[in-house]
Amino acid sequence: PQKVWTVECAQIVRTCAFSPDGIHVLCGDWDKKLSLLDAKKGEKVWTVECTGGVWTCAFSPDGTQALCGGRDKKLSLFDAKGGEKLSTFECADVVWTCAFSPDGTHMLCGSGDGKLSLLRAGVISPCGAFCIETYVNFTFGRLDDISLPEDTRHAVSESFKAILAK
């Protein structure tokens, strides 16, 4: 591999993700910042301050939304164009991983208490939080690296495979 660019961050970079079109990169660090970078130049497009270190991030399949979670026990949804926060979902423990379904209709959030939350994307309750579609509890520890295949009825992780059908 050949290095194209390097961006200086204040603290350890914990997570990163390419946008679906490859034009941008999301970058989350222990310094409580989520940044959107130009993938060709490495220049910051926007940076938002979170209330805890950012440990996971993901783009929606169409690239219009950015999702992040971390030490503050929150899953936050942002507009990818300008970085405006759209909504926040409170978890009981640290958010270790998050993902969008391939069709963009659902989001997954895996937290340190062994809980997996399946959330309906774009649906906001009267209190401004995400609506919980399904809540699945697991008895083992922290959940890492989750993904949702196209049918949105299964979740896959390095630690488990779950059936989420209602």
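Remember, predicted model here, so these are calculated numbers, not experimental data. Basis for what follows: all heavy atoms, side chains included, without hydrogens, waters or symmetry-related copies.
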Chemist: Under 4.5 Å between side-chain heavy atoms, hopping through other hydrophobics if needed: is there a path connecting Val94 to Ile12?
Modeler: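 Shared cluster, yes.
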Chemist: Do the non-hydrogen side-chain atoms of Arg71 and Trp55 ever get within less than 4.5 Å of each other?
Modeler: yes
Chemist: If we only count heavy atoms from C-beta on, is the Leu37 to Val45 side-chain gap below 4.5 Å?
Modeler: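 Answer no - side chains too far apart.
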Chemist: Does Trp30 CH2 have over 12 foreign heavy atoms under 6.0 Å away?
Modeler: no
Chemist: For a quick test of reading the model, state the closest non-hydrogen atom pair linking Val4 to Lys40 and the distance between them.
Modeler: CG1-O, 4.0 Å
Chemist: Please report the closest heavy-atom contact between Ala92 and Asp113, naming both atoms and the distance.
Modeler: CB-OD2, 3.3 Å
Chemist: Going from CG on Asp38 to OG on Ser19, what distance comes out if it is rounded to the nearest 0.5 angstrom?
Modeler: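 That separation rounds to 9.5 Å.
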Chemist: Measuring from atom SG of Cys68 to atom CG of Leu75, what distance do you get when rounded to the nearest 0.5 angstrom?
Modeler: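 Answer rounded to 0.5 Å: 7.5 Å.
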Chemist: Give the C-alpha distance, both sets of side-chain angles, the deciding distance and a yes or no for side-chain contact (heavy atoms from CB on, under 4.5 Å) between Lys85 and Leu77.
Modeler: CA-CA 6 Å; Lys85 187 181 280 190; Leu77 183 67; over 6 Å; no
Chemist: Out of curiosity, Lys33 NZ to Thr47 OG1, how far, rounded to the nearest 0.5 Å?
Modeler: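 Here the rounded value is 8.0 Å.
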Chemist: Nearest 0.5 Å, what's the CZ-CG distance between Phe89 and Leu119?
Modeler: 5.0 Å
Chemist: What I'd like to find out is whether the side chain of Cys91 reaches to under 4.5 Å of the side chain of Cys109, using heavy atoms alone.
Modeler: yes
Chemist: With rounding to the nearest 0.5 Å, note down the distance linking CD in Glu49 to OG in Ser35.
Modeler: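 Between atom CD of Glu49 and atom OG of Ser35 there are 9.5 Å.
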Chemist: Looking at Trp46 and Ala80, would you say the former's side chain and the latter's main chain have a donor-acceptor pair under 3.5 Å?
Modeler: yes
Chemist: Between the side chains of Thr51 and Asp72, does any donor sit under 3.5 Å from an acceptor?
Modeler: yes
Chemist: List the atom of Asp103, the atom of Pro61, and the distance in Å for their closest heavy-atom pair.
Modeler: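 Looking at all heavy atoms of both residues, the shortest contact is C-CG, 4.3 Å.
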Chemist: Does a salt bridge link Asp79 with Lys81, judged by any charged N lying under 4.0 Å from a carboxylate O?
Modeler: no
Chemist: With a 4.5 Å cut-off on side-chain heavy atoms, are Phe100 and Phe59 touching?
Modeler: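 No. Closest side-chain heavy atoms not under 4.5 Å.
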Chemist: Side chain of Thr56, backbone of Cys98: donor and acceptor closer than 3.5 Å?
Modeler: yes
Chemist: Provide the closest heavy-atom pair for Phe78 versus Cys50 in the form atom of the first, atom of the second, distance.
Modeler: CZ-SG, 4.5 Å
Chemist: Do Leu26 and Leu34 touch side chain to side chain, with heavy atoms closer than 4.5 Å?
Modeler: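 Contact flag for Leu26/Leu34 side chains = yes.
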Chemist: For Val13, does its backbone N or O pair with a side-chain atom of Asp29 as donor and acceptor, under 3.5 Å?
Modeler: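 No; judged by distance alone, with no hydrogens or angles, the pair does not exist.
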Chemist: Is the closest side-chain heavy-atom distance between Lys32 and Val54 below 4.5 Å?
Modeler: no
Chemist: Is Lys73 paired with Glu90 through a side-chain N to carboxylate O contact shorter than 4.0 Å?
Modeler: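 Result for this pair is no, no salt bridge flagged.
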Chemist: So which atom in Leu67 and which in Ala99 form the shortest heavy-atom distance, rounded to 0.1 Å?
Modeler: CD2-O, 4.2 Å
